[in-house]
Amino acid sequence: MLVRALFVPILLIWALNLRWTLGVMEGNIIEKSLLILTGLAFILTRRLIVSNALLLALMAVVTFLMALLTHNPDFGWDRYSRGLVSLIAPFLFLIAEPTRRDRNFLLQAFAFLPILWLVIGLFYAARGMHNMWYEGRLQLSGIPSGLGGVSYLGVFCAMLCIALRYRGYVAVAAIDGIILLLSGARMPMGVTAIVAAVTYSFAIRRLTFMRMAVMAVVPAFGLVGLSLVSEKLFSRVASSALSGRDQIWAAMEQLHARYPLFGMGLGHSILSVPHAVTRDTGTVAAHNEYLRLAVECGDVGVVSIFGILVVMCFNIWRSPRVSYSPIFVAAVAGFLIYSATDNTISSGIAPLVIFIASAFFATRDEALPSSATDLTDWQAARAGPRESGLPG
């Protein structure tokens, strides 16, 4: 109960866009503090995955060693500490096993999160507080790229609800898809296509009624979405423009060349982006987590960090609970691909796709021990709603 209660203000912060209404730094500090607090509550009240806990500790140790070995004269431990919190916070949820109640809450909350953005965005626009559109792209209560990331999670969670025979979520998935399309966020569209195709193929296709519902509803909503797409938005989605990323990446590569092996210190890259680049692009963020961590932790650090993350995901994937599911692989692959063009780790929300995919296969209730004969509710749902205990 505590974990789910703590998630509520985090979701509200993302929907209310406190990073911008309170200021970027203040909103970010509140968000990360709540995420750390929720993560700690989660690992203290759930069954610990010991191997992943040790691996996450190793990840922190690697960043500390890179900080000790950096030659950056402007390195500061305060900035490093903030960077460490940002890195570790979203991965705390990978070191313990979620329960069925966690799963139900996460899937339903994140499925409706884009719609909550829509409601708040309409309110902000009516009060003249924030424009719903930015250069032809829907942004609602945030920014277009942020809305794209939220909608990606929304579509994925709604499809997982469909796999569990929650029939009403066919419409929710379609609405989330329209919001994603109107955001013009190209990479979230791409990774959504991957996870949606895999989820449909391996979890929904065998459920006859749900398959028919998806085939009937989604194309109709898709036509509605396409009718709302402006020529400007279509041109952006179809283009190969990098939206200023080429400038920020060039600046980051120059920084990396100065500290190639051990980096300049976790959390320090945003302090070193040239003013001219910031002025032209409007950001100091790398929009590429591999490049950012290569700048901050060097080649040694970035390979170690992502290597550790992959091993943590492999441990979950090969567990009896997940049992080598392609759906989990798709979620992890989508996150890794997404990380090449956006600030996925520092955003806090994007890495939760791995946690959500893991929670989908929950076999435990909070008051009951795990057993080798437990079935996931998805496995039971394939036999029918009565056997699974889920709504039919």
Side-chain angles (χ1 to χ4, degrees), residues 5-35 37-38 82 86 89-90 108-155 157-158 172 174-189 192 224-225 227-234 236-237 243-245 248 270 278-285 287 342-344 346-350 352:
L6 288 171
F7 252 114
V8 172
I10 295 174
L11 294 171
L12 288 175
I13 286 172
W14 285 328
L16 293 170
N17 194 22
L18 290 188
R19 287 192 181 191
W20 302 100
T21 55
L22 293 182
V24 175
M25 290 307 298
E26 290 79 2
N28 190 51
I29 290 170
I30 294 172
E31 175 191 318
K32 289 299 189 298
S33 298
L34 280 172
L35 199 59
L37 183 62
T38 307
R82 295 184 185 184
S86 181
Q108 294 176 44
F110 278 96
F112 277 100
L113 189 57
I115 298 173
L116 180 60
W117 273 51
L118 175 61
V119 172
I120 295 174
L122 288 169
F123 174 77
Y124 281 177
R127 297 294 299 272
M129 298 169 60
H130 190 68
N131 291 326
M132 285 183 59
W133 299 88
Y134 175 76
E135 297 183 351
R137 301 171 62 188
L138 188 66
Q139 63 177 1
L140 298 179
S141 61
I143 58 176
S145 59
L147 178 61
V150 167
S151 301
Y152 152 52
L153 282 177
V155 172
C157 289
V172 175
I175 294 170
D176 290 347
I178 292 174
I179 294 173
L180 172 60
L181 179 64
L182 296 180
S183 74
R186 290 169 294 185
M187 183 58 79
M189 288 184 196
T192 298
V224 172
S227 70
L228 297 173
V229 174
S230 66
E231 183 178 347
K232 185 175 182 180
L233 179 59
F234 179 80
R236 185 195 183 277
V237 173
S243 304
R245 284 176 171 81
I248 197 81
I270 61 174
T278 303
R279 183 191 61 223
D280 293 342
T281 62
T283 182
V284 294
H287 287 79
D342 224 317
N343 310 306
T344 52
S346 53
S347 74
I349 188 171
L352 295 181

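Residues G148 and P188 approach most closely at O-CB, 3.5 Å, considering heavy atoms. Scanning all heavy atoms of the two residues, the minimum distance from G154 to P114 falls at CA-CG, 4.1 Å. Counting all heavy atoms, side chain and backbone alike, P144 lies closest to A185 at O-CB, 4.2 Å. When every heavy atom of G177 is checked against every heavy atom of V155, the shortest pair comes out as N-CG2, 3.6 Å.
Proximity of L352 to F110: side-chain heavy atoms (C-beta onward) are separated by under 4.5 Å at one or more points. The shortest distance between side-chain heavy atoms of L182 and R137 does not fall below 4.5 Å. Counting only heavy atoms from C-beta outward, the side chains of R82 and K32 never approach each other to under 4.5 Å. Looking at F112 and I175, their side chains never come closer than 4.5 Å, going by heavy atoms from C-beta outward. W133 has its side chain within reach of L138: a pair of non-hydrogen atoms, C-beta onward, lies under 4.5 Å apart. Contact annotation: the side chain of W117 never approaches that of N17 to less than 4.5 Å [non-hydrogen atoms, C-beta and beyond]. In this structure the side chain of E31 reaches within 4.5 angstrom of the side chain of W14, judged on heavy atoms. For the pair I179/L140, a side-chain contact is recorded, criterion being any heavy-atom separation below 4.5 Å from C-beta on.
To the nearest 0.5 Å, the span separating CD1 on I349 from CD1 on I13 amounts to 11.5 Å. Considering CG of L122 and CZ of R127, their distance stands at 14.0 Å, rounded to 0.5 Å. We find the CG-CG distance between L34 and L12 to be 10.5 Å, quoted to the nearest 0.5 Å. If you take CG on L16 and CG on L11, they are separated by 10.5 Å, rounding to the nearest 0.5 Å. Put simply, CE on M189 and OG on S151 are 9.5 Å apart, with the number rounded to the nearest 0.5 Å. Here the straight-line distance linking atom CG of L147 with atom OG of S141 works out to 7.5 Å at 0.5 Å rounding.
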Verdict with reasoning, D342 to R186, per salt bridge (charged side-chain N to carboxylate O under 4.0 Å, His left out): CA-CA 11 Å; D342 224 317; R186 290 169 294 185; over 6 Å; no
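For N343 (side chain) and A285 (main-chain N/O), no donor-acceptor pair under 3.5 Å exists by modelled atom type. Between the side chain of Q139 and the backbone N or O of S183 there is no donor-acceptor pair closer than 3.5 Å. Using a distance-only test at 3.5 Å, with no hydrogens or angles considered, no donor-acceptor pair links the side chain of H130 to the main chain of G121.
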